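The structure under discussion appears below in the form of C-alpha cells.
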Amino acid sequence: MAESNATQVILTDDGLKIIKAQNTANVAAGNINDINSDNKLTPSEKLKLKQEYDKDVKLYNIDIEQLKSVNLPTAELETAMSNLTNFVTPLFKEMNKTSTVERDALDSVFTAFATADKNASQAFVNMVQQVADDAKKAGDDAKEAGEKAQEAGEEAQASATQAKADAAQAKTDAATAQQKAQSSIDQLNAHLPDIDEALSTANLVKQDVTKLSNTTEQYHNEYTTGIQNVIKTIDDASTEIDQLNNAIKLKADSTDVTSQINVAIKGVQTDVTNKVSNLTTQINQTASAVQILNTTSGLRNLVYNSSYANNAEGWNMFNKTGYLSTLAVSSYNGSPGFGVNVSGKGASTWTEFGQSKFYTLPQPDAVDAHNTYSGSAMIKIYDDSDTSAKLSATIAYFDKSGARISGWKDMYVTYDKKNTWTLVKFENFPVPSGAQSIGMQYWAYGSKVHGMIAQPMIVFGPKVGPYNSDAAGQSDITASINNIHMGIKGADGSTSTFNMNNNTILLDANKIIINGNTSIQNGTIGTAKIANAAINTAQIADGAINNAKIANAAINDAKISNLNGNKIIAGSITANKINVDDLIANGINTKTLTSVNLNTSTLTTPQLNLGLNGTFNEDFDYTQPTSIFLPKKNTGTLTFNHGVLQSKGNMQTYVGGQWGGMNDNYTFQAGIDNSQWTEVAPGYIKLDLFKQNDTDVAERTYVDPTGFYYTTNGNQAYTSYVGNIVSTPQVQTSSVLTKYIGPSDGQNLLQIDNNGSHYGLQVGSYAGQEAVLSDYIYDFTASTASNVYITSNGHLARTTSASKYKYNISNPEYEDVLGDRLLNVHLASWNDKNAINSYAHTLSTGEDTEKISIDKYHGLIAEQLRDAGLGMFVEYNEDGEIEGIQYDRAWIPLLAVVRRLNNKINEYEMRISKLEEKNE
C-alpha cells in the first residue's frame, strides 16, 4: 500500500485560524524587507523569497476557501495574488543564479497581497462573528438541552478511556456519534407536545374547511339552476322559431316555391327580429346572474387546466423552455410543478417559459372598468440558481389581437427564499380599456434560473382565496349585441356549439338532426353525408357537391367534373384499371388493399410513406415505466431506409427520481436530454449519443461479427473492445475467464479467476471502500528493485532508468546546494491515517478488514522537503497537491556531499602522510 504522510490538524476555531494566518502574513512581509535592500537577488535570497511566496500561496488558498464558503467577494485577493505570482515567477526560473530586481516593485506586490489578505481575513471574521451572534441567540433557547448533552459526553469520555490505547481515538468518535443520536432523540421527545398541539390545530382547520366546502356546494347548485333557466329559455325560443317555420311552409305554393318563401320571409321578418331581441335580453340578464354566482361560489379558478393535466394541455411551453414535472420534490400538495431550468442568459434577461390558455372576459366589447380580478400561485426557486435570480407568475390582460396590455402584475419569488414553496398573489387588478381576455404567464429572470410553479389561480373579484382546481364547465352561454353563443361540453370531451350573429348561424356538433321539409336557397352543400337515400335523375345546376360522403346509396346518370376521394368509404372498389398520378389515402379506409400490380409514383398516408426510394417513416414518442432498469424517454422518427433501420430522436434517462441526460462533462444532469442516432442493419448495430450541441458524438457503441466496441469523445480508437471471443483462444482463454461480475453480499465486485481463497484480480467494494486487489501479484516475489508507479489518474506504470527513455540529459551545477539542503531535513514519525480509520471502521461495524499496522512509521514529510528547496523530489497530484516523496532518488544529492567529504579526507590523509615523513 502507499505510504501515508502526516497531515497537520488545526484544532482551533476559525477566528484563531485567521489570527494565526494574519500573523504569518505580517511575518512574511517583514521577511521581504529583511532581504538585502540592493537590487540584486542571490540564490540564497531567492530561496528565502520562494519560501515566503509559498507561505503567501497557502494563505491565499485558505482565504479563498473561507470567502467563498460565505459568498464574500474575492476580486481584491485574486488580483493581488495574480500580480504577486506574475512578478516573482520569472525570478524562480534560475534559482542558482543572481538576478536583478526592482526593490520598490518587489516590496509593492508583497505589501499589496498582505493588505488584501488582511482585508479578506477581517471580512471573514466579521461574517463569522455575525454567524456566531446568530448562533448564540438560537443556542440560548436550547441551553438546558446542551448542558444535558455535555454531561452525557463527559460520561461517554470516561467510559472511552477504558478502551485499548491503540483504538482510543476511534472508540471516542463512535461514542460521540452515539451521544449525538441520543441527543436528537431526546430533543424529538421534548417537542412531542408541540406536535400534538399542531395536530389539534390542524383538526380545527379541517372543520372550518368542511363548513366552507358545504357553502361552496350550495353556491354551485344555485349556479347550475341559473344555467338550466337559460337553457329552458333557449328551448322556448327554438319552439317559437319552429312555429314560424311552419307558417312559412303554409304560405308556400308548389307552383312557385321560391316566390312564396320570399314573401313569407319578408312577412315574418319583424316577428323573428323581435323574438331574437327578446331572447338576447333574457340571455344577457341570465349571464349577469351567472357572473354574480361565479364571484361568490367558492372563487372559481379561471386558469385553464391549472393542474397541468394531459401533459399540460392548453399551456405554451415555448419550445420546451418550460417542462412538466410530477416528481415529489417538484410538486406541491399533490399538484405537479411547471418547471424551468435555463442558463447562459443575460444577467438581467426575462425568459418566458409558460403561458396559459386565455380566458375570454364575459363582455369584452363593453368592459366595466370597475370589474377586478385577483390571482395567486405557489413558487419554488432552487439553490442552484444565481443569487440574483427571480421566478414570476404574471397576471396580464390581452387585447383582441392577443397582445399583452401594459400594466401586468408580476408575482415573483427571489433567491433568498430558495428551496421553499412560497405563496404569491396580487388582488384587486382592474380591467383596462380594450381588454379582451386575461391569462397567466411564467417568467424567469437572470442568467441561471431553476424552479417550479404550481397551483396557478385567477378569480373574478377583489380577493383571492385558497386554491381551487379549474372545473370544466358543462355549458357556457354568452351574448352580446348581434351575437348569441351557446356551448355544451360532454363528459367524454365532445362539444356542441350554436352561434348566431347578424348574417350567420353556425351549428357545430358530432350529430345534427333536421326533421321536416327543408328548403335551401342559393346555397352550397360542402363536406356533406347523405345516408340511406338516393339522388336519382338529379339536376345540380351551377353548383357542386364537394368532399361528399354518400353511403348505401347510388348516384345515377350524374355528371361529376371533379372527384376528390378524401371521403369515399367503401368495402371495395372494383375496376379493370385505375390510373392515377398520386393516390392520396387520407380518406381511404379499408381492411385490405389487394393488387397484382400497384404502379404509382407515391403512396402517402399519415403513418406510411412508401415510394420507389424504398423508405418507411414513423414518428415515435414513448416513456418507459420508472420501475425498470434505467428507464428511457424518447421522441423522434424511425426510418426504414433501403434495408437499414434508423432512428433519430431526443432521449432522457430516469436517474435518482429525475428525468435528465448527460452533460458535456459526462455526468448526469436533470432536465436536459441528448440527441441519439441508432442504426440496425444486416451485419452491424451502431448507437450514437451526442453532446449538447447535437453534433459531436459523446459516446458510441458498435457491434458487428468481429466483436463489441465502445468509445467516448468521438474517438475512433475505441476505448473498450471485446472481439473474437469464441474463435481466438489467444484473446480469451480459460485462465482469464471472468468468474463473477455483479453484486455479492451487498457489494459490487469483479472477480477474475481464483485457486481457492486466492484471487487473480478483484475490483470493487472492500472494507467499506473501493479497491483493486490481486493475491497472484502479491504471491509472486522477486529480489529486483521496485519499478511500479501509480499515476494520479490511477494508471500503473513501469519505472525505468535507461537513457533511451529520457530527453535533455544534463548534470546540474547545483547538486552541492541540494545536498546541503537535504542535510537540513530531519526524521519524522507518524501514525498512518488509513490504518487508524480502517481499525476504527472495524471497531464500529464489526466488519473484518485488512490488517494494517497502527504502529508509528518513520521517514520524511513531503512538505518539509519542499520547504527546504527540494520540491523536485516531491510527488504532486493532478490538482497540484502534494502526495508523496520520491524516496528512490531523494538521497542522490548526498553523493555530492559524500564526494566533497571524500576529497577532504584524501586531502587530510595526504597532509598527515607528509607530516609523518617529516617526523621520520
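Since this is a predicted model, take the numbers as computed values, not measurements.
The six-membered or imidazole ring of Trp677 lies away from that of Phe690, with a centre-to-centre distance of 6.0 Å or more. Here Tyr412 and Tyr445 keep their ring centres 6.0 angstrom or further from each other. Between Trp315 and Tyr442, the ring centre distance stays below 6.0 Å.
Between Phe398 and Phe358, the ring-plane angle classifies as parallel under the 30° and 60° cut-offs. Between Tyr373 and Tyr397, the ring planes are perpendicular. Angles over 60° get that label, and only those under 30° would be called parallel.
In this structure, the side chains of Arg404 and Thr394 come closer than 4.5 Å at one or more pairs of heavy atoms. For the pair Ser121/Asp63, a side-chain contact is recorded, criterion being any heavy-atom separation below 4.5 Å from C-beta on. Using a 4.5 Å heavy-atom cutoff, the side chains of Met411 and Ile379 are not in contact. Residues Met457 and Asn468 are in side-chain contact: their nearest non-hydrogen atoms beyond the backbone lie under 4.5 Å apart. In this structure, the side chains of Ser335 and Ser307 stay at 4.5 Å or more apart for every pair of heavy atoms. The shortest side-chain heavy-atom distance between Met127 and Asn71 does not fall under the 4.5 Å cut-off. Contact check for Gln692 versus Asn674: side-chain heavy atoms found under the 4.5 Å cut-off. For the pair Phe353 and Leu391, the minimum side-chain heavy-atom distance is below 4.5 Å.
Looking only at distances, no side-chain donor or acceptor of Thr678 sits under 3.5 Å from a matching main-chain atom of Leu687. Checked by atom type and distance alone, the side chain of Ser627 never pairs as donor or acceptor with a backbone atom of Pro625 at under 3.5 Å. Counting only distance, with no hydrogens or angles, the side chain of Ser82 and the backbone of Thr79 share no donor-acceptor pair below 3.5 Å. Listed for the Asp386 side chain is a donor-acceptor partner under 3.5 Å among the backbone atoms of Lys448. In this structure, Asp879 contributes its side chain and Glu881 its backbone to no donor-acceptor pair below 3.5 Å. At least one donor-acceptor pair under 3.5 Å links the side chain of Asp399 to the backbone N or O of Ser401.
Ser306 and Ser469 make their closest contact through OG-CA, 3.9 Å (heavy atoms, listed as atom of the first residue, atom of the second, distance). The shortest non-hydrogen separation linking Leu302 to Phe460 is CD1-N, 4.2 Å. Taking every heavy atom of both residues into account, Pro336 and Ser331 meet most closely at CA-OG, 3.7 Å. Residues Met452 and Gly339 share a closest heavy-atom pair of SD-CA, 3.4 Å. Asp117 and Leu59 make their closest contact through OD1-CB, 4.0 Å (heavy atoms, listed as atom of the first residue, atom of the second, distance). Contact record, Ala454 with Tyr332: CB-CB, 4.2 Å, taken as the closest heavy-atom pair.
In this model, no donor atom of one side chain and acceptor atom of the other lie less than 3.5 Å apart for Asn316 and Lys357.
Distance check: Phe124 CZ to Glu65 CD gives 9.0 Å after rounding to the nearest 0.5 Å. Here the straight-line distance linking atom OG of Ser348 with atom NZ of Lys390 works out to 10.5 Å at 0.5 Å rounding. One finds the OG1 atom of Thr420 at 10.0 Å from the CG atom of Asp383 (value rounded to the nearest 0.5 Å). Here the CG atom belonging to Asn650 is positioned 7.5 Å from the CG atom belonging to Asn634, to the nearest 0.5 angstrom. Atom CD1 of Ile453 sits about 12.5 Å away from atom CD of Gln455, to the nearest 0.5 Å. Rounding to the nearest 0.5 angstrom, the gap separating the NZ atom in Lys417 from the OG1 atom in Thr422 is 5.5 Å.
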**Study point:** side chain to side chain contact (heavy atoms under 4.5 Å, CB included) evaluation trace for Gln676 with Ser647
**Key:** CA-CA 8 Å; Gln676 62 85 21; Ser647 74; 3.7 Å; yes
Practice item. Output, in order, the C-alpha distance, side-chain angles, deciding distance and verdict of side chain to side chain contact (heavy atoms under 4.5 Å, CB included) for Ile381 and Thr414. Key: CA-CA 7 Å; Ile381 188 169; Thr414 56; over 6 Å; no
**Study point:** Stepwise side chain to side chain donor-acceptor pair (under 3.5 Å) test for Lys691 and Asn663
**Key:** CA-CA 7 Å; Lys691 293 185 176 181; Asn663 59 29; over 6 Å; no
Practice item. Verify side chain to side chain contact (heavy atoms under 4.5 Å, CB included) between Tyr60 and Glu78, making sure each step is shown before the conclusion. Key: CA-CA 8 Å; Tyr60 170 78; Glu78 291 174 341; 3.5 Å; yes
Exercise for review: Apply side chain to side chain contact (heavy atoms under 4.5 Å, CB included) to the pair Tyr666 and Glu699, showing each step before the final yes or no.
Suggested key: CA-CA 9 Å; Tyr666 298 93; Glu699 295 185 343; 4.3 Å; yes
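Atom NZ of Lys632 has more than 12 neighbouring heavy atoms from other residues, nucleotides or ligands inside a 6.0 Å radius. Within a 6.0 Å sphere centred on NZ of Lys345, heavy atoms belonging to other residues, nucleotides or ligands number 12 at most. Heavy-atom contacts from other residues, nucleotides or ligands closer than 6.0 Å to CG of Asn319 number 12 or fewer.
Tested against Gln652 for a side-chain contact (heavy atoms from CB on, under 4.5 Å), the candidates Gln658, Lys633, Met662 yield a single pass: Lys633. A side-chain hydrogen bond (donor to acceptor under 3.5 Å, both in side chains) with Thr635 is found for exactly one of Thr623, Asp621, Asp619, namely Asp621.
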